[in-house]
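Each chain gets a letter, A, B and so on, in the order its sequence line appears, and its residues count up from 1.
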Amino acid sequence: MSRIAITGAASFLGSRLLRRLVETRGPGSVVVVDVTHPPAALHGVGYRLVDLTLPAADRKLMELLREDEVDTVVHTAFFTDPRRDTSYAHELESIGTLNLMGACSAAGVKHVVQRSFTAVYGARGQNPAFLTEDDPPRPKEGFAWIQDKLEAEQHALSYARRYPKMTVTILRLAPLLGPGLFTFYTRLFARRVVSVVMGYDPLLQFLHPEDALPAFDAVLAKRIGGIFNIVPRDTVSLLTTLHLAEKVTVAVPHPLAYALAEAAWGTGLGEAPGGFIDYVRYLFVADGAKAARELGFEARYGSREALMDYLAYRYPDRRPRAWAMAEARR
Amino acid sequence: MRPGAAGTSAGRGPKRMSTRALAAPIARRSPAGGARRERRALIQALESQLTQMRRELEWERRGRIAGEGLEVSLARLVHAGLRGLTLDNLGRLQAALYFAWHSVKTEEFGRDPVFADTLRPFFEFLYGVWWRVEASGIEHIPAEGPALVVANHSGVLPYDGAMVKLAIQHHHPARRDCRMLILDMFALLPFLAPTFMKNGEVRAHPDNAERLLGNGELVGVFPEGVKGVGKYFGERYRLARFGRGGFVRIALRTGAPIVPCAVVGAEEIHPILARADWVGRPLGLPYFPLTPTFPWLGPLGFIPLPTKWSIDFADPIPMDGYGPEAAEDPILVNRLSQEIRETIQTMIDGRLARRRSVWFG
């Protein structure tokens with residue numbers, strides 16, 4: 001019997017994915033590989049305690065994968081939020097993926113699906129309006145949050161080259177936004193005053209969590225290797241996002257913004273380090289045409305709809321007039 | 001002043017006055033005859049005093065109420081104002097101001113139709129009144145399907161793009177919206193970047209151009225780039241190098257016809273006499289022009305000179321005959337690029353030969 005293993009099952013996306021896998025395949029065919037127990041409500045789900053950051057994690061994981069006859073691994077053990085403890089994030093994301101890939105290739109796993117982020121393209125002024133999977137990822141140097149994710153991708157791709165029998169799929173998801181999420185994006189909505197870069201208003205993509213799961217379904221069903229952007233139908237501008245949430249915006253000139261953000265991050269006031277300023281200054285909009293063509297995946301929600309869903313969840317007793325206009329679907 | 005204080009100080013006066021007035025007629029009373037008359041007089045005096053007192057009391061009461069009312073309402077207003085000055089209300093105010101000239105919906109490439117409509121009257125004024133643009137040959141632009149409008153670039157600020165766009169919207173039967181490809185230097189500057197994006201312009205990048213043409217849109221491009229807008233006045237109407245022929249490659253790959261376009265009049269709106277590029281470099285500008293008015297007249301230096309413009313479109317050059325693989329043939333690409341450049345140069349020279357005045361055409 002072939003089983004599917006999932007890492008990072010305690011995360012927002014991982015826990016929903018786990019529930020989905022249990023619903024569609026039955027609890028007996030799902031194994032959670034994590035440092036956290038799966039929820040008690042999911043009876044019968046296999047659980048293997050593996051800390052991917054430990055030096056011998058690859059060997060232990062390989063044995064467990066063989067024992068459980070796992071043929072598919074879904075790897076979602078990544079930090080959505082920037083962390084102050086960058087060395088642990090590096091161990092988990094970059095080295096953890098290396099360990100996982102080593103174990104999978106040795107255990108004869110047929111398919112590895114790795115969750116990634118459209119942010120790996122890096123937000124740059126020189127980016128085309130829509131980044132495709134052929135565009136090389138060029139995140140800001142020294143910005144550990146995204147460098148680790150890119151390294152994880154590179155480890156996965158190098159294993160895919162060396163072990164052609166193992167299909168490796170990387171799903172670059174646009175930033176998630178929807179009911180129930182708690183990320184550094186949504187923490188910005190908890191603030192009353194949000195600072196923006198003066199004179200810039202880039203387009204953003206927000207992927208509705210309900211769109212993320214069908215993307216994993218499609219890739220698990222079709223078992224196609226390669227990189228895919230999983231993005232919403234449309235984009236929404238940063239200022240539109242903030243003004244729909246009726247936030248007070250304070251514009252900071254861009255030469256100051258990086259230093260201020262870094263200082264705020266260092267003192268614990270900010271949600272993200274200075275490197276993140278690029279992501280609210282320049283574009284990193286990804287194109288979902290390849291996923292539509294090869295996976296048959298097309299998002300049902302647009303960015304604005306994901307935002308409106310989130311705002312309705314976050315502010316249940318507020319109904320500004322602009323919302324009615326924004327909610328009207330085309 | 002406190003309302004209580006006002007009441008007591010005002011109330012003392014009439015009370016004292018009324019006791020004195022009451023005492024006077026009683027003292028003058030005589031015991032002999034006419035007692036009834038005297039009593040009547042006394043009653044009348046008392047009544048008039050009472051009326052007077054009542055009136056004074058009424059005035060006082062009214063005054064106190066009026067004073068109190070004013071103070072209370074002022075206090076309420078200040079209180080409400082302070083209570084109303086919350087971050088929530090500030091956020092609401094900002095949102096109301098923002099959505100007054102922005103749409104909640106964002107189209108592909110970030111175009112905002114409401115924002116574009118807000119800017120339109122400004123460009124309409126420049127088009128109709130300031131530069132009195134005369135357009136000809138609009139019929140050469142196909143009614144539908146992709147096409148690439150290739151024009152000469154000049155004028156320090158890319159007004160020519162806005163004018164070509166308006167000319168097509170005014171005179172083309174299908175009122176096609178021409179999406180202008182803009183230089184990085186304008187697409188990345190603060191304030192200008194979102195303004196261009198929301199007005200429907202797209203950063204000049206081969207992927208963006210191909211995507212737009214693939215969607216069947218009309219795309220405008222200025223292959224001279226910075227060399228065109230930052231041209232010295234002495235070099236006016238002499239076309240600079242057409243980049244590296246990127247626009248030809250895009251047209252070959254997508255099979256979109258090229259429509260040559262000549263803009264005359266834009267070279268003189270900001271005549272560049274000299275350049276102090278070292279001033280602009282720290283600000284992220286590729287050049288810093290010195291014109292007869294800029295920067296000497298301060299903000300007035302931004303006002304372009306009211307020249308007379310003409311925009312001419314020529315026959316479209318079909319590009320679908322070569323096949324998409326021709327885009328990889330550098331000799332062909334360069335030859336086509338040169339041909340189009342010469343076509344536009346000829347159109348400009350013809351128009352200049354007919355032009356008698358810079359200001360009146």
Which bit of A:V197 comes within less than 4.5 Å of chain B, counting heavy atoms only: side chain, backbone, both or neither? neither
Any side-chain heavy-atom pair of A:D201 and B:H102 under 4.5 Å: no
Atom CG in B:D112, atom CG in A:L239: separation rounded to 0.5 Å? 11.0 Å
Check this for me: B:R244, atom CZ, are more than 12 non-hydrogen atoms of other residues, nucleotides or ligands nearer than 6.0 Å? no
For A:N127, which atoms come within 4.5 Å of any heavy atom of chain B: side chain, backbone, both, or neither? backbone
Answer with side chain, backbone, both or neither: which region of B:F99 has an atom nearer than 4.5 Å to a non-hydrogen atom of chain A? side chain
Top of B:E108, B:K198, B:M197, B:R92 for chain A proximity - count of heavy-atom pairs under 4.5 angstrom: B:R92
Tell me the closest heavy-atom pair linking A:G199 and B:P194, and the distance in Å. O-CD, 3.2 Å
Interface moiety of A:R124 toward chain B, non-hydrogen atoms closer than 4.5 Å: neither
Given that the side chain runs from C-beta out, which part of B:R211 has a heavy atom under 4.5 Å from chain A: side chain, backbone, both or neither? side chain
Chain A heavy atoms under 4.5 Å from B:L189: which part of the residue, side chain, backbone, both or neither? backbone
When rounded to the nearest 0.5 angstrom, what distance separates CG in B:D207 from CG in A:D135? 5.5 Å
Per-residue contact mode, B:T195 against chain A (heavy atom under 4.5 angstrom): neither
A:Q126 backbone acceptor or donor facing B:R203 side chain under 3.5 Å: yes
Chain A contacts, top residue of B:F191, B:Y98, B:F109 (heavy-atom pairs, under 4.5 Å): B:Y98
Of all heavy-atom pairs between A:V248 and B:L87, which one has the smallest distance, and what is that distance? CG2-O, 3.1 Å
Would you say CD of B:E144 has more than 12 non-hydrogen atoms from neighbouring residues, nucleotides or ligands within 6.0 angstrom? no
When you measure from the side chain of B:Q94 to the backbone of A:T249, do you find a donor-acceptor pair of N or O atoms at a distance under 3.5 Å? yes
If I take atom CZ from residue A:R192 and atom CG from residue B:L90, how far apart are they, to the nearest 0.5 angstrom? 11.0 Å
One should read off an interatomic distance between A:T240 OG1 and B:K105 NZ, to the nearest 0.5 angstrom, of 12.5 Å
Heavy atoms from other residues, nucleotides or ligands near CZ of B:F302 exceed 12 (cutoff 6.0 Å): no
Using every non-hydrogen atom in the two residues, find where A:Y200 and B:L188 come nearest and quote the distance to one decimal. OH-O, 2.7 Å
Which heavy atom of B:V104 sits nearest to which heavy atom of A:R304, and what is that distance? O-CD, 3.1 Å
